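Working notes for the structure below.
The figures here come from the full heavy-atom set of this structure, side chains too, leaving out hydrogens, waters and symmetry mates. Everything quoted here is computed from the prediction, not taken from an experiment.
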Amino acid sequence: MKALCTVLASLSLLVLAAPGQTAPAVKINAKKLKITSIETPQFQASNVGEKRWRPKSWMEVDLEFDIRLPASEGGRSGSLDGMIVNYYIAFNATNKDGKREVLKGSFTYVDIPAGETNHALAFVSPATLRRILQRDTFTAASDVQGWGYEILVGGERIAGDSSLGGGPWWEKADALNISEGGLLMKQETPFGILWGDYDVSAKKK
């Protein structure tokens, strides 16, 4: 684990934008990922029978950001039609080959308003957490080893960050077991009807 941390720290010096790329007109100011444990919400309906079950722990990923558009695109009154966010979550767990377990998720967030604070959400189910951690409990502070994300607009990376200083540590694939499909959109989870307009709408990339 110490060797992996050394490798990841050295990669934090890399930049997310490729040399020579010209950033599109939209500007994105994104914060650090907020990763928390959240229990399955409980709802009741009067016309169906009850089933006994125990709420389990999900992982919630919350990215806070705001965008700026040029006047020609509506300025503070405009909206961005879409942006792609690639998430990378590294866990304090390894597979049988000793590689760090990493979940990758790619989502397209659409109709993003300028001039206000936005949130992009993603989730990991209790079943996926159990597969990775080999237990039912999940605590973000101790079970998440590191995180990273990159934001693409028009095919170009224009923003990103990582818990190790901003470098794309996920590109060191030889030391990682990166799996896709474990991160879910809000509407794929029991949280789909919650929080109103708190977060922007998403669809799979």
Task: Rounded distance (nearest 0.5 Å) linking atom CG of D199 with atom CG of D62 - done: 8.0 Å
Open item on the list: I need the minimum non-hydrogen distance between G75 and A114, along with the two atoms involved.
Closed with: O-CB, 3.4 Å
Open item on the list: Counting only heavy atoms from other residues, nucleotides and ligands, does the tally under 6.0 Å from CD of E116 exceed 12?
Closed with: yes
Task: Hydrophobic cluster identity match, W147 and L129, side-chain contacts under 4.5 Å - done: yes
Task: Inter-residue atom distance K32.NZ - E64.CD, 0.5 Å rounding - done: 13.0 Å
Task: W169 and Y88 aromatic ring geometry - parallel, tilted or perpendicular at 30°/60° bounds - done: perpendicular
Open item on the list: So which atom in I84 and which in T108 form the shortest heavy-atom distance, rounded to 0.1 Å?
Closed with: CG1-OG1, 3.6 Å
Task: Parallel, tilted or perpendicular, as decided by the 30° and 60° cut-offs, for the rings of F123 and W195 - done: parallel
Task: Expected output: side-chain D161 to main-chain A30 donor-acceptor under 3.5 Å - done: no
TODO: Provide the closest heavy-atom pair for S106 versus N86 in the form atom of the first, atom of the second, distance.
DONE: OG-OD1, 2.5 Å
Open item on the list: As an exercise, state the distance from CG of N29 to OG1 of T117, rounded to the nearest 0.5 Å.
Closed with: 9.5 Å
Task: Residues V153, L80; criterion side chain to side chain contact (heavy atoms under 4.5 Å, CB included); working and verdict - done: CA-CA 9 Å; V153 176; L80 179 65; 4.3 Å; yes
- [ ] Find out if a path of hydrophobic residues (ILVMFWY) with successive side-chain heavy-atom gaps under 4.5 Å connects V61 to W58.
- [x] no
Task: Pair R157-L152, side chain to side chain contact (heavy atoms under 4.5 Å, CB included): steps then yes or no - done: CA-CA 4 Å; R157 287 189 287 189; L152 296 84; 3.7 Å; yes
TODO: Start with the C-alpha distance between L176 and K99, add both sets of side-chain angles, then the distance that settles side chain to side chain contact (heavy atoms under 4.5 Å, CB included), and finish with yes or no.
DONE: CA-CA 5 Å; L176 307 172; K99 293 185 176 183; 5.7 Å; no
- [ ] Search all heavy atoms of K186 against all heavy atoms of G196 and return the closest pair with its distance.
- [x] NZ-O, 4.3 Å
Task: Cluster link L121 to F65, ILVMFWY, side chain under 4.5 Å - done: no
Task: Heavy-atom closest contact (P113 atom, I67 atom, distance) - done: O-CG1, 3.7 Å
- [ ] Quick one: closest heavy-atom pair of G148 and W170, and the distance?
- [x] CA-CZ3, 3.5 Å
Task: Pair V200-M83, side chain to side chain contact (heavy atoms under 4.5 Å, CB included): steps then yes or no - done: CA-CA 11 Å; V200 294; M83 72 179 196; 5.9 Å; no
- [ ] Could you tell me the separation between the CG atom of L63 and the CZ atom of F107, rounded to the nearest 0.5 Å?
- [x] 12.0 Å
Task: Donor-acceptor pair between N177 and E101 side chains, under 3.5 angstrom - done: yes
TODO: Decide yes or no for L103 and I132: does some side-chain heavy atom of the first lie under 4.5 Å from some side-chain heavy atom of the second?
DONE: yes
Task: T137 side chain reached by T139 side chain, heavy atoms, under 4.5 Å - done: no
Task: Main-chain N/O of F91 paired with R100 side-chain donor or acceptor, under 3.5 Å - done: yes
- [ ] Can you measure from NE2 (H119) to NZ (K34) and round to the nearest 0.5 angstrom?
- [x] 8.5 Å
- [ ] Flag yes if V110 and M185 sit in one hydrophobic cluster, no otherwise; membership is Ile, Leu, Val, Met, Phe, Trp, Tyr, and two members link when side-chain heavy atoms are under 4.5 Å apart.
- [x] no
TODO: Measure the spacing between OG of S77 and CG of L69 and express it to the nearest 0.5 Å.
DONE: 10.0 Å
Open item on the list: Is the shortest side-chain heavy-atom distance between L33 and Y87 below 4.5 Å?
Closed with: yes
TODO: Flag yes if L133 and V144 sit in one hydrophobic cluster, no otherwise; membership is Ile, Leu, Val, Met, Phe, Trp, Tyr, and two members link when side-chain heavy atoms are under 4.5 Å apart.
DONE: yes
